[in-house]
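Beneath this line is the structure, given in structure tokens, with notes to follow.
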Amino acid sequence: MATMKAEKKKGTVIVVSGIQWGDEGKGKVIDQESQEADLIVRHGGGNNAGHTVMVADIFNGGQQIPMVLHLLPSAVARRKAIAIGAGVVVDPLALVNEVDYVSSFGYGEVRRTLSVDPRTALVTVIERVMDMAQELIRSRNGKPIGTTARGIGPAYAGVANRTALKVADLLHPKQLCTLLEQRLEEATRLFRAMGITSTQWRQIFADLTGMELRANQRLIERKLRTEADFDYTVFASANGKVGFNFAAIEAAYQNAAHLITSWRGVRDVSDLIRRTVMLSGRVLLEGAQGAMLDVNFGSWPNVTSSHTLAGGACTGLGIGPTLIDTSIGVAKGYTTRVGSGPLPTRITEPEIAASIHQRGNEFGASTGRPRDVGWFDAVIARSACWWNLVQTVRLLKLDVLSGLDEIKICFRYCLNGERFYQVPADYHQLNDSGLEPEYLTLPGWEQDISKVRRWRDLPKEVKGYVAKIEQLLNERLPQRVTIDQIGIGPGPDQYLTR
Ligand code: GDP
């Protein structure tokens, strides 16, 4: 990538990816990087992701509060041009809600600054119900994957099956109506064939309603919506049998289509990037989730359905790999994961886990589920640095580790005498309960570092910890990885440049 730089004439393109199991703090990094950017583009995933940024609540005295974004790039508070690329899957009802949500903080111009690629696939109530029905069946077999039930997996399956609806369909109300009708009929047959009972069917819609009410609290509190607006039970057929209420679904999606098209932002995002680069602009590409959730390279089968790696930006946005100048990896100073699946460096001391949990506020941004916590795992971060060809790492949340006597870093795994410096490609090995993480133990630090202003004022143990992680990440990699910034608190200014 670096060698192409001299040959490329215009523009700068930066991709930001999570190099753990997601929730690394990408939102904060994107928010910070977007200050210099002309265009910020989300390349993959759907509203199963949750990026938290601290923003000024304009309607509430400018007080800094967290804003959680699921679909819109984490740059809305910077009032920059933002875009959703073809690799994303968009729930149009969720998009309309999220635009109103960010407007409630005072960032309503997002309606003018947002572009959505017409090629982007839609998540509809069909995919949401399918997500829940499939998890129901997996749970029955004792193998739930811990999906966020946002319909993302089935939406990507619809892309692969070539049955998905597209954002382009929102531009054509008649066709949207016909396609919805066809898909609802097919889906009804499928759900009946799956053996979903009418009781389970009603429960799924009741659960979706509960989920929507929880997710949209702010809109209800601000009286921008009523509870009835999130009643998904109206989408089920009125006779209580497995089936849909076509009229209610049609009305909801036509309404969303009308709103989204009224923003006039449905346009070719690949071409938008081309034009921005032609004008020597700076483009920031935002990934969702993390490397270990990538559909091909993550901890199978507990992965998301999209390509979370930097390469996903190429396939998801219609750009070539050599357009990208810089690959930034985001990690926390420890490891977390939400949902089911392996976490080799899981912290076994309950009081240490509880402290990190609490201080780091480790609850899923989309689901509120508590995240499992582990020591920093240099094996996964190193593999992720390779998969993404990361040049620069942002190591966040080091403030959360204050007060620990000792801190461990996993530098390799051992399984049946075999040593692993990279994530085992055989997922049975990664999931093997005999997989032993091997640790280095470093001294911790007592001080609260959240108010330190200069790198040189950090306790030497913090500097030592960062240097050790950097050294471990660079082992056996062809590129040079540098940790150039650390996070010392959730605030937009709470980071230190090395
Ligand atoms: P994302 O999905 O990668 O954007 O990550 P999340 O939004 O799920 O989680 C990151 C959380 O950590 C957010 O609440 C951030 O405000 C917070 N955060 C980011 N950097 C730091 C940091 O350096 N210290 C602390 N204490 N919190 C941070």
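Keep in mind it's a predicted model, so treat the numbers as computed, not measured. All residue numbers refer to positions in the sequence shown, counting from 1. Atoms within each ligand, like the ligands themselves, are counted from 1 in listed order.
Annotation for ligand 1: atoms under 4.0 Å from non-hydrogen atoms of Gly487 are 23 (O). With ligand atoms numbered from 1 in the order given, ligand 1 contributes 19 (C), 20 (N), 21 (C), 22 (C), 23 (O) to contacts under 4.0 Å with heavy atoms of Lys28. In summary, the atoms of ligand 1 found under 4.0 Å from a heavy atom of Ile488, numbered by their order in the structure, are 23 (O).
A salt bridge is defined here as a Lys NZ or Arg NE, NH1 or NH2 lying under 4.0 Å from an Asp or Glu carboxylate O, and Asp100 with Arg225 meets this definition. At a threshold of 4.0 Å, the pair Arg119-Asp268 counts as salt-bridged, since one of the basic side-chain nitrogens sits closer than that to a carboxylate oxygen.
Taking 4.0 Å as the cut-off, Gly489 counts as a neighbour of ligand 1 on heavy-atom distance. Ligand 1 lies nowhere less than 4.0 angstrom from a heavy atom belonging to Gly22.
At least one N or O atom of Gly25, backbone or side chain, sits closer than 3.5 Å to an N or O atom of ligand 1. Taking any N or O of Gly50, backbone or side chain, at least one lies under 3.5 Å from an N or O belonging to ligand 1. Below 3.5 Å of separation, one finds no N or O of Leu398 facing any N or O of ligand 1. Checked by distance only, ligand 1 and Gly27 come closer than 3.5 Å through their nitrogen or oxygen atoms.
For the 3.5 Å distance criterion, the side chains of Thr497 and Trp455 fail to qualify, holding no donor opposite an acceptor.
Looking at Met54, Lys26, Gln20 and measuring to atom 1 (P) of ligand 1, the nearest heavy atom belongs to Lys26. Across Lys397, Arg371, Glu24, heavy-atom proximity to atom 8 (O) of ligand 1 is greatest for Arg371.
The side-chain tip of Arg128 points at the ring of Tyr232 from less than 6.0 angstrom away and within 45° of straight on. Annotation: cation-pi geometry not satisfied between Arg412 and Phe420 (NZ/CZ under 6.0 angstrom from ring centroid, within 45° of ring axis).
Proximity of Thr52 to ligand 1, defined as any heavy-atom pair under 4.0 Å, is shared by backbone and side chain alike. With a heavy-atom cut-off of 4.0 Å, Asn361 does not touch ligand 1 at all.
Ring orientation note: the planes of Tyr427 and Trp300 are nearly perpendicular, at an angle over 60° on the 30°/60° scale.
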Determine whether Ser450 and Asp448 satisfy the following criterion, side chain to side chain donor-acceptor pair (under 3.5 Å), listing intermediate values before the conclusion. CA-CA 6 Å; Ser450 62; Asp448 171 11; 2.7 Å; yes
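Between Phe363 and His357, the ring centre distance stays below 6.0 Å.
Atom CD of Glu109 has more than 12 heavy atoms from other residues, nucleotides or ligands within 6.0 Å.
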